[in-house]
Novice: 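I'd like to ask some things about the structure below.
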There are 2 protein chains.
Amino acid sequence: MRTLKYAILGLINRRPSTGYDITKEFKAELGNFWRARHSQIYPELKRLVDEGLIEYETVIAGEALEKKVYSLKDKGREELLEWLNKDEKMVPTAKDKFRLRMYFSSNIEQEHLVELLESQLEQRREKLATLKKKIDGYSEVPQFGSQEFGDYLVLESAILREAAYVEWLERSIKRCSQ
Amino acid sequence: MRTLKYAILGLINRRPSTGYDITKEFKAELGNFWRARHSQIYPELKRLVDEGLIEYETVIAGEALEKKVYSLKDKGREELLEWLNKDEKMVPTAKDKFRLRMYFSSNIEQEHLVELLESQLEQRREKLATLKKKIDGYSEVPQFGSQEFGDYLVLESAILREAAYVEWLERSIKRCSQ
DNA sequence: CACAATCATGTCAATATTTACATGATTTCT
DNA sequence: AGAAATCATGTAAATATTGACATGATTGTG
């Protein structure tokens, strides 16, 4: 599988990055669909260097702070493109602990269940609002082929996903109260 | 975390089950939100027995086929209820390989990108249709407190999620062609 | 200037998950 | 009756992921 490998190749292809940069990306937009901690990222970067897919240059910031700025080698770009162009089957499961719990909701007291649903609803609404604010920053849909086009696609995706989640929670709360 | 632990406790709480039964559940509705293979399930069942949360009875089916039918012990039900009633924070990331790839879509040829999107669209539409057929089997929303209520909630959730996915793919295809 | 937050890189142990290996019984279809 | 599909239970090795441990530099704030 090695999805992290390709996620990292993709990010480095966007722009030369340090492990720290990559860690940050996973906390930003992209983090809605893939995430990894630095403890997974640094070893993977080392491995990709060993495999000859990426290389790095050590840069000194300030007096002594060493940064390793990674960039793609030809082989890395090749493998990235191969992965991107593959027509993979849809993945059957996007794990969701909360929905799993709702499968067993008959064991929760009605009042408390509504509280749990409302707590999720609040968080999801907030998230949705944040995402919407971000998409409002685009005056128009970015040009196809630009990096921003990808940003825009996944942002829209995140918004639709959150909106559906909110819709589900709202409905579920209603269902509980009937 | 041990989500699998609680997933299994929840399933056994619904009805006494074998490892094989549990494996099947993860391939059915519930599999939309959580999944585990039998190689993960059997060791976990053993562990739960060791921890005194569940117990089993060996049943012979036919001539010689041995089944282990697991059921909840008090302590297991206690821990399940505790987990179900917790107000947990929303999980920030539902991993999605395809959307991750779309983040890097600027590296894919326009024509091929549309093909990839359409391939996903077809699969998602099919999935959505299957789910809708299932919900049509309910003549009405099940009674709150019944097991079917939980089934219904997650089924609706799956439908809304797939519909949002389909909507996103359709929009993205349009965006590519502009 | 002191403190906090953030930048920056790593390792290690534990846990979670997948893939492959392994075996045998029962049921269904031809 | 023979074959295929499904029922049924396990283990082992490899891979993926998390959480804790560890260290030091730089920047922003009061």
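Please read these numbers as outputs of a predicted model, since none were measured by experiment.
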Novice: Could you check A:K68 against B:M1 and say which one's nearest nucleotide on DNA chain C is further toward the 5' end?
Specialist: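 The residue closer to the strand's 5' end, by nearest nucleotide, is A:K68.
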
Novice: Let me know the distance between NZ of B:K5 and C1' of C:dA14, rounded to the nearest Å.
Specialist: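 After rounding, the reported distance stands at 16 Å.
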
Novice: Under 4.0 Å: is that the gap between some side-chain N or O of B:R37 and OP1 or OP2 of C:dT19?
Specialist: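 Answer yes for this pair, as a side-chain N or O of B:R37 is under 4.0 Å from OP1 or OP2.
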
Novice: Starting at atom CD of A:Q40, determine the distance to atom C1' of C:dC12, rounded to an integer number of angstrom.
Specialist: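 A:Q40 atom CD is separated from C:dC12 atom C1' by 14 Å.
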
Novice: Does the side-chain contact (heavy atoms from CB on, under 4.5 Å) test come out yes or no for B:T3 and A:L100, once each step is laid out?
Specialist: CA-CA 9 Å; B:T3 309; A:L100 169 65; 3.5 Å; yes

Novice: Of the listed nucleotides (C:dT26, C:dT6, C:dA16), which one gets closest to any side-chain atom of B:R47?
Specialist: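 The answer is C:dA16, which lies nearest to the side chain.
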
Novice: Over how many whole Å does the gap from A:Y42 atom OH to C:dG10 atom P extend?
Specialist: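 Nearest whole value for this atom pair: 7 Å.
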
Novice: Taking 5' to 3' order, which nucleotide of DNA chain D is first and which is last to have an atom within less than 4.0 Å of a heavy atom in chain A?
Specialist: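 That gives a stretch of D:dA16 to D:dT26.
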
Novice: Is the centre of the A:F33 ring less than 6.0 Å from the centre of the B:Y103 ring?
Specialist: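 Distance test on ring centres: not under 6.0 Å, no.
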
Novice: In whole Å, I'd like the distance from the CD1 atom of A:I60 to the C1' atom of C:dT9.
Specialist: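 Whole-Å distance recorded here is 13 Å.
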
Novice: Taking the nucleotide of DNA chain D with the nearest heavy atom to each, does A:W34 or B:D21 sit closer to the 5' end?
Specialist: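 Per heavy-atom nearest nucleotide, the more 5' residue is B:D21.
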
Novice: Start at the 5' end of DNA chain D and walk down; is the nucleotide closest to B:E66 or to A:A64 reached first?
Specialist: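 In this pair, the answer is B:E66.
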
Novice: Any side-chain donor-acceptor pair under 3.5 Å between B:K127 and B:N32?
Specialist: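 Yes.
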
Novice: Describe the nucleic acid contact of A:K95 in one word from base, sugar-phosphate, nothing, applying a heavy-atom distance below 4.0 Å.
Specialist: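 It contacts sugar-phosphate atoms only.
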
Novice: Under the 6.0 Å and 45° cation-pi test, does B:R35 pair with B:F26?
Specialist: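 Judged by the rule, B:R35 and B:F26 form no cation-pi pair.
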
Novice: Tell me whether the NZ or CZ atom of B:R99 lies within the 45° cone about the ring axis of A:W34 and under 6.0 Å from its centre.
Specialist: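 Negative - B:R99 is either too far from the ring of A:W34 or too far off its axis.
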
Novice: Can A:E156 and B:R171 be counted as an ion pair, charged N to O under 4.0 angstrom?
Specialist: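 A salt bridge is present here (some side-chain N lies under 4.0 Å from a carboxylate O).
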
Novice: Using whole Å, what does the distance between atom P of nucleotide C:dT26 and atom NZ of B:K67 come to?
Specialist: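 Atom-to-atom, B:K67 to C:dT26, this comes out as 11 Å.
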
Novice: Considering only C:dT9, C:dT18, C:dC12, which nucleotide approaches the side chain of A:S39 most closely?
Specialist: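 Closest nucleotide among those given: C:dC12.
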
Novice: So what does A:T18 hit on the nucleic acid, given a heavy-atom distance under 4.0 Å: a base, only sugar-phosphate, or nothing?
Specialist: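 Here A:T18 touches the backbone only, sparing every base.
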
Novice: Salt bridge or not between B:R125 and B:E162? Use side-chain N to carboxylate O under 4.0 Å.
Specialist: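 Looking at B:R125 and B:E162, the cut-off is not met.
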
Novice: How long is the line joining CD of B:E44 and P of C:dA14, in whole Å?
Specialist: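 It works out to 18 Å between those atoms.
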
